[in-house]
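Keep in mind the model is a prediction, meaning the values are calculated, not measured. Both backbone and side-chain heavy atoms feed into the values below; hydrogens, waters and symmetry mates do not.
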Amino acid sequence: MKLDKKIFFKIHSWIGVKLSILFFIVCFSGTLATLSHEMDWLFNPAMRASPQKEYASRNLMVANFREAYPDARIQYWMRSEEHYLCDIIYKVEDGQQSYVFANPYTGKIQGESAITIQRYFRDLHYFLFIPFQVGNFLVLIFGFLLFISLVTALLFYKKWWRKLFELKTGKGPLVFFRSLHRLVGLWSVPFTLLFSITGIWYFIERANVGGIGSEINPKSPQLEITRSNQIIVSDQDLSYSIDYDKAISLAKKEIPGLDVGNIYIPQKQTDILGLVGKSDVPLVRQRANRVYIDLRSYEVVSSQKANEIGTAMWINDIADPLHFGYWGGLTTKIIWFILGLGISSLVLSGIWITMKRMAIKRKHNKPPIRAWQYINWVVYGIMLLFMYINLIDRYRASIEALCIISFGWVIFMALTYYIFVIRLKGAVNKAQA
């Protein structure tokens, strides 16, 4: 049976136009997320660190933290793989979480923030700030849509491999943008495939399809606490009672060559200390190596080594480095950022081409308002509503941060109106003249 290429074209256009606003936000937020740590470095001097030969003692850093915040506790400790960034220690005080920046080389506490750029774009790309996992699955569905969009494009473009170096100019803006859209799309094929497949994997993990989510995300072991073996310290002071240097030494003995990064701090007596980090196994994220330590005896309870994990867990642990491009440091992150901009531009140029063609065909100054446009804007409004709820209630973001974020979204909406209303109307009028 001969395939009808018009059907593939309609499917491709439907995904790009009917879900235009959300599709662009998901793609563009992921693009910005690749360099979000570097944005933090650029705009927040307190997060900068000058690399030195040796790291400071973690116990020293905790002592400095406690001196600066005597009434707080440590919830989580994140050591960035970027050597020019400070450690981020998650502080909880009076029920409110914030991020404290500790220099990993000097041990000095350099500042604090209610939210970071990295955290903002992570939340935006991860679940659009929409709660109850609705946002998670809304984003993850785009992994399938991106894959379908790629496949349908290759099916309706005739002999696309011959057009890898073809850019038509001098035949009007519509022909140019069509040609540019195709050219960028063809060169983006490997990475579009990568982003879509990893997105589909995230969906499988989140939905726990076939029990895969439970298999690749085992729960941390828990302790059985009795009167005779409990740690004589309150839950509030538990994070300060830990000998972090000793725990790191034990983890390195358990996994030779381990560079301990993030630390999961016990919050109650039954919790266990968890340490993760990089070893000599390439590509995988920190969580591929795990060491769990009993704080009562400072003995290793269990561990996971990256060179011994199964195939499903290995796939899960390479998904993040490949999806966000941080597996090769700053160089690959910049490459992923540029490619992400290219894919985001495909969404915009695809919308422009389709809407202009629709408007000219109907001989109107602008395409008719459809239900899908209202759906896009309603979901966009819901996203903004929950975004401000999160920023104000959960993060307690400052007025300055709220103003900067609001200004960014105003610019986004203004550009959207200018490109797809004002410029589109002018282009259609010119084409019909």
Is the Phe137-Phe132 ring centre distance short of 6.0 angstrom? no
Are Tyr380 and Trp409 close enough that their ring centers fall under 6.0 Å? yes
Kindly confirm or rule out a cation-pi arrangement of Arg285 over Tyr326, judged by NZ or CZ under 6.0 Å from the six-membered ring centre and within 45° of its axis? no
Summary of salt bridge (Lys or Arg N to Asp or Glu O under 4.0 Å) pairs that have at least one residue in residues 120-145, sequence neighbours excluded: Arg119-Asp123, Asp123-Arg394
What side-chain hydrogen bond (donor to acceptor under 3.5 Å, both in side chains) pairs are there with at least one residue in residues 185-194, not counting sequence neighbours? none
Can a side-chain donor-acceptor contact be found between Trp77 and Asn262 if the only test is distance below 3.5 angstrom? no
Are side-chain N/O atoms of Ser214 and Asn208 paired as donor and acceptor at under 3.5 Å? yes
Hey, are Glu82 and Lys333 close enough for a salt bridge, meaning a charged N less than 4.0 Å from a carboxylate O? yes
If every non-hydrogen atom of His181 is compared with every non-hydrogen atom of Ile353, which pair is closest and at what distance? CB-CD1, 3.8 Å
Quick one: does Ser303's side chain have a donor or acceptor within less than 3.5 Å of a partner on Val291's backbone? no
With distance as the sole test, does His12 use its side chain to make a donor-acceptor pair with the main-chain N or O of Ser149 at under 3.5 Å? yes
For Arg396, all residues meeting side-chain contact (heavy atoms from CB on, under 4.5 Å), sequence neighbours excluded: Gln96
